[in-house]
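Below is one structure; the comments refer to it alone.
Here is the naming used below: chain letters follow the sequence lines, and residue numbers restart at 1 for every chain. These figures come from a predicted structure and were not determined experimentally.
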Protein chains: 2
Amino acid sequence: MKRTTPTIRDVAAAAGVSVATVSKYMNGAQRFSAPVEARLKEAIEQLGYRSNPLARSMITGETRTIGLAILDIRNPYFTNIVKGANRIALRHDYTLLLVDTEENQEREQPLIEALAQRVDGVIISSRMQEDAMEWMTKLNKPVVLLGRNEQCPIPSVSNDSYLAGYMLARHLLNQGHRRIAYLGFAASRWDAERIRGAHTCLSEAGLKLDVHDAHAPSTLAGKAACSSVMLGPDRPEALICYNDLIALGFMKEALTLGFRLPQDLSVTGFDNVPYGEYAVPALTTVDLQSEKMGETAMLKLIDALAGKPDAGHVTLEPRLVVRESTARREEAP
Amino acid sequence: MKRTTPTIRDVAAAAGVSVATVSKYMNGAQRFSAPVEARLKEAIEQLGYRSNPLARSMITGETRTIGLAILDIRNPYFTNIVKGANRIALRHDYTLLLVDTEENQEREQPLIEALAQRVDGVIISSRMQEDAMEWMTKLNKPVVLLGRNEQCPIPSVSNDSYLAGYMLARHLLNQGHRRIAYLGFAASRWDAERIRGAHTCLSEAGLKLDVHDAHAPSTLAGKAACSSVMLGPDRPEALICYNDLIALGFMKEALTLGFRLPQDLSVTGFDNVPYGEYAVPALTTVDLQSEKMGETAMLKLIDALAGKPDAGHVTLEPRLVVRESTARREEAP
DNA sequence: CTGAAAGCGCTAACAG
DNA sequence: CTGTTAGCGCTTTCAG
């Protein structure tokens, strides 16, 4: 009994043909005479032969694997990206090599460089500064960046954070709110744009935006930031949070502190995570289409691998999702 | 200018040594004379040489990649498993090849078989029947199964679903509830055990368990199942849902239907997903330690790859997490 | 249509 | 310490 898995040579011997023939058969590269085909099929079946993808990759130079580097799989924003990317990948017979860098700045670059060596292309989500991403162009593999980079000419797909911020501010304004605050996450590459969008909108109405910072893009950070925002001076009537997780944590804590939502405070987030809908009050947010971002990024990469000309940057449209966490400002008693 | 990436031979030539020397240097396999080491370092730096992991893998037979097959990355239970597995993998210099089978029974086996060929070992989560999993033993790669299989001798890690179900029923009983129902997901391999646990507990108290079924392990399915459970005959005083997602969807809908929670109904789930805490009322659940399952599975696999003897099956302890969605039964008016 | 031969980039004995 | 020599399992010209 053979201990080792059968190789192409075993099949060739068993079928009485050359290895080249077996190779061509496995790849459906051409047609065969009936007897040869029959023997081939028989031998392969008999031996339980499966071609070794590694050996194949070494020659063809393609692994049919796409590297996907994200910051935290537990953040629904990234979860959706993975979902979308996986779906498209599967459909095109690619597999995902996933790396969750756990928001660890140091490990990010070496991890991705190693990743790039084992795949046909990479999709990267990063918190690096724009000017610190030049190394990505030296990966010698097609790269698609999640989030636009104005400085490097790396193909990318992003959502319009500026517009999203603007929309949220506009919505709050429409509801009659005047004292609007922003609870951000400064380490994010999108934080500034979201602020700019909201700020611009408020400026047009002659109002200012009061900016606070959470220290992580998480429910815990939102919870932690609540008291200083709500119990300090200038308590806002409405709050735009950097993302839904922060908003959810913040709301929970605000309720605990005795505030009524949305009567005492309207709250919004970004991302439209699946659970915002199940919070009470259900969270108003802006859908950044993260799943579609994953799909789009994967599609772009696959196109690039197929030699199609680069489509440059793709920007997805944000979509406001109004639920119960924002409400018309109550009249003064 | 070279178009092609430098190979070990280029380095050997540039440093005036043999390829074997370069290979040993790259793998830190031994010490070198100062001049050789200097030339090596210089040449590698100069050429920007990086060893090709594919070629290496083909010879050593190890890819330092672990395949992870899950059913739906969007389900927090699986998200946590990926998180845990990724953490341990990174720590041991392994990378995850992820496949989200999207609850697609047909694709599952072929997908995993293809996956197994490209990795050193696989961690599998499946909805297959126990007796339909024999093919996994023929993968010729170490396998760790998520969820125990009594029939096949596949190493596995799981949580004690029976005990978890029992705990929940006990908790509800303690709160004075008598009419307790279960809203399950029959396609799951754990559904029956959870029912058995709850059923056993209730039987001891001379009570019966009213079993309903949701059609997916999702919030939507929970929402959909709500009216038939709540507006039909024998409305329960307490409900144990197959998982937190179903519970969350159910609660939201119950609220919409005008029920008060937890006064009119106590609700529980399984998994302790991150958002149960932020729902109102916050969800009582049982923590199945999914992240630890991912870690443990990965650790087992790495041990197996290191040739350590198989530790067999590992069962993690469930932990009851009581929050506001369950409350003492109100006295009859 | 089929086969022989030449490697892909690297490692693994075994010599020196 | 360093080099020589075989390949790993497969694809790919290029003849027949």
Between [atom2] on [N] and [atom1] on [X], what's the gap in Å once rounded to a whole number?
X	N	atom1	atom2	result
Arg56(A)	dG9(C)	CZ	P	16 Å
Lys24(A)	dT2(C)	NZ	P	9 Å
Ile59(B)	dG7(D)	CD1	P	13 Å
Arg39(B)	dT2(D)	CZ	C1'	11 Å
Leu40(B)	dG3(D)	CG	C1'	13 Å
Arg50(A)	dC10(D)	CZ	P	12 Å
Arg9(B)	dG7(D)	CZ	C1'	12 Å
Glu62(A)	dT12(D)	CD	P	10 Å

Classify the nucleic acid contact of [X] as base, sugar-phosphate or nothing, counting any heavy atom under 4.0 Å across all strands shown.
X	value
Arg31(A)	sugar-phosphate
Ser57(A)	nothing
Tyr25(A)	nothing
Val22(B)	nothing
Thr7(A)	sugar-phosphate

For [X] and [N], is the shortest distance between a side-chain N/O and OP1 or OP2 below 4.0 Å?
X	N	result
Ser23(B)	dT11(C)	yes
Thr21(B)	dT2(D)	no
Thr60(A)	dC10(D)	no
Asn27(B)	dT11(C)	yes

- Of the candidates dT2(C), dC10(C), dC10(D), the side chain of Ala55(A) sits closest to dC10(D)
- Out of dA4(C), dC1(C), dC1(D), which has the shortest distance to the side chain of Ala20(A)?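 Of the candidates, dA4(C) comes closest.
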- Thr7(A) versus Tyr49(A), closest heavy-atom pair with distance: C-CE1, 3.5 Å
- Write down the atom of Arg9(A), the atom of Val19(A), and the distance for their closest heavy-atom approach.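 Heavy atoms only, the tightest pair is CG-CG1, 3.6 Å.
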- Item | Min side-chain heavy-atom separation Leu305(B)-Glu62(B) under 4.5 Å |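 Side-chain contact under 4.5 Å: no.
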- Task: Report yes if some heavy atom in the side chain of Thr5(A) is under 4.5 Å from a heavy atom in the side chain of Arg50(A); otherwise report no.
- Result: no
- Task: Report the residue (Met58(B) or Val17(A)) whose heavy-atom-nearest nucleotide on DNA chain C is the more 5′ of the two.
- Result: Val17(A)
- Do you see a donor-acceptor pair shorter than 3.5 Å between the side chains of Gln109(A) and Glu113(A)?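 Yes.
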